[in-house]
Amino acid sequence: MWGDKRYHTLNYELRKEFGQKVMKLSLDGGFTCPNRDGTIGHRGCVFCGEEGSGEFAGSRTLSIEEQIREQKKLLSNKWKTGKYIAYFQSFTNTYSAYEDLRKKYYSALSQEEIVGLAIATRPDCLSEDVLDLLTELNEKTYIWIELGLQTIHERTAKFIRRGYSLETYDIAIEKLKNKNIRVVTHLILGLPGESKDEILESVKYVANTNTWGVKFHLLYIQKGTDLYEYYLKNPFPILGRDEYISLVADSLELLPKEMVVHRVTGDGKKELLFEPRWSLDKLRVLSGIDKELKRRNSYQGLKY
Ligand code: SF4
């Protein structure tokens, strides 16, 4: 239905849009996060590592141009592609002065072969100035904004120290939608204390918002995070591989067909990953999801 997949992948969507494979280059724009600098919190989300969820991004000691050059070089060994999306991934990428944001976004866009921007941020970091800037960019190029919702459940949101309410997400998504800006919502499957039904409630909720895309993450425990310390003292159940695969298949069935699925598994750094170790075999998880959908004779949108 979507190439060789039973769900609407980002790869499929970008090929349709650009007529060829388009890769993302992960950048560190040198920003921080209000959930870490004391504005909202000091220690950040409980699972957030030192690199602000940008473990695979370029180095913040390099300029945007240098990071793009370096990342392109790394990818060119694997993919002979000429088109890239510059992905501002680490920390909160709309959390800075207007001029600084503008300079960094345009600097990325002005590099050769960059056809768009992806900007990861928080729904409480979209001031009117930022929205104007994003609107301007959206008229010039292909962009999307990523929001880390993770769960709709207030109890879990408190535990993970997300630092904003579901209503804040709803307002942000409406504002972005009104400007025709694409939004990608992140959800984490397997957060402590959440039942399968609760996880699927979050998926259903997101399926019915105006989000353009979704990213499913597996909860993974990374050394050096507060979640790691918590887990050592209060071990909680971690999803097994088959359980996770089944949950992703259930989730995909609940999404509308047009929703773009950016990710269906986690991506922890090998040396930092504590649990679940099975997630390191990403290909096995991906093919397990394909097999499970095939076994069920199912596909994205079946139960939407
Ligand atoms: S909002 Fe993002 S960068 Fe900020 S603490 Fe949470 S995960 Fe880390």
Side-chain angles (χ1 to χ4, degrees), residues 24 26-60 67 87-97 100-101 104-105 117-127 130 134 144-173 176 183-192 194 202 206 211 213-231 262-263 265-269 272-274 279:
K24 281 188 297 177
S26 296
L27 307 177
D28 185 331
F31 305 112
T32 176
C33 172
N35 205 11
R36 284 180 159 271
D37 71 2
T39 306
I40 292 171
H42 289 280
R43 300 197 56 88
C45 301
V46 74
F47 48 76
C48 183
E50 268 177 15
E51 287 158 272
S53 300
E55 278 72 25
F56 296 96
S59 161
R60 59 170 49 207
Q67 289 184 50
Y87 179 27
F88 284 87
Q89 183 180 23
S90 310
F91 297 93
T92 301
N93 294 277
T94 57
Y95 188 54
S96 189
D100 183 46
L101 296 173
K104 285 172 179 162
Y105 298 156
L117 290 184
I119 299 168
T121 188
R122 298 170 52 88
D124 53 2
C125 289
L126 293 166
S127 64
V130 166
L134 298 179
W144 73 75
I145 305 303
E146 302 200 1
L147 301 176
L149 179 66
Q150 326 305 7
T151 176
I152 62 160
H153 301 290
E154 220 42 59
R155 187 188 73 239
T156 326
K158 275 213 178 81
F159 172 79
I160 62 173
R161 302 195 304 245
R162 190 180 63 191
Y164 67 81
S165 66
L166 182 57
E167 194 194 357
T168 306
Y169 165 79
D170 288 337
I171 293 170
I173 206 165
L176 290 162
V183 183
V184 177
T185 301
H186 293 224
L187 285 176
I188 298 180
L189 312 187
L191 287 167
E194 288 200 351
S202 290
V206 167
T211 195
V214 67
K215 266 190 184 179
F216 293 127
H217 297 267
L218 157 74
L219 178 76
Y220 56 88
I221 298 168
Q222 198 169 277
K223 290 177 198 155
T225 61
D226 285 356
L227 187 62
Y228 172 67
E229 297 302 329
Y230 177 86
Y231 183 77
H262 285 233
R263 176 182 284 260
T265 181
D267 205 0
K269 244 188 184 175
L272 294 177
L273 182 74
F274 185 62
S279 65

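Atoms within a ligand are numbered from 1 in the order they appear, just like the ligands themselves.
When all heavy atoms are compared, the tightest approach of Phe31 to Thr92 is CB-O, 3.4 Å. Between Arg122 and Cys33 the shortest heavy-atom distance is CD-SG, 3.9 Å.
Among all protein heavy atoms, the one lying closest to atom 4 (Fe) of ligand 1 is Cys33 SG, 2.3 Å. For atom 8 (Fe) of ligand 1, the closest non-hydrogen atom of the protein is Cys48 SG, 2.3 Å.
Residue-ligand proximity, Gly44 to ligand 1, at heavy-atom distances under 4.0 Å covers atoms 5 (S). Residue-ligand proximity, Arg122 to ligand 1, at heavy-atom distances under 4.0 Å covers atoms 1 (S).
Around CD of Glu229, the count of heavy atoms belonging to other residues, nucleotides or ligands within 6.0 Å exceeds 12.
With rounding to the nearest 0.5 Å, the separation of CG in Leu134 from CD1 in Ile145 is 4.5 Å.
Cation-pi contact between Arg162 and Tyr164: present, with separation from the ring centre below 6.0 Å and deviation from the ring axis of at most 45°.
Of the protein's heavy atoms, none falls inside 4.0 Å of atom 2 (Fe) of ligand 1.
When distances to atom 6 (Fe) of ligand 1 are checked against a cut-off of 2.8 Å, Cys45 contributes an N, O or S atom below that limit.
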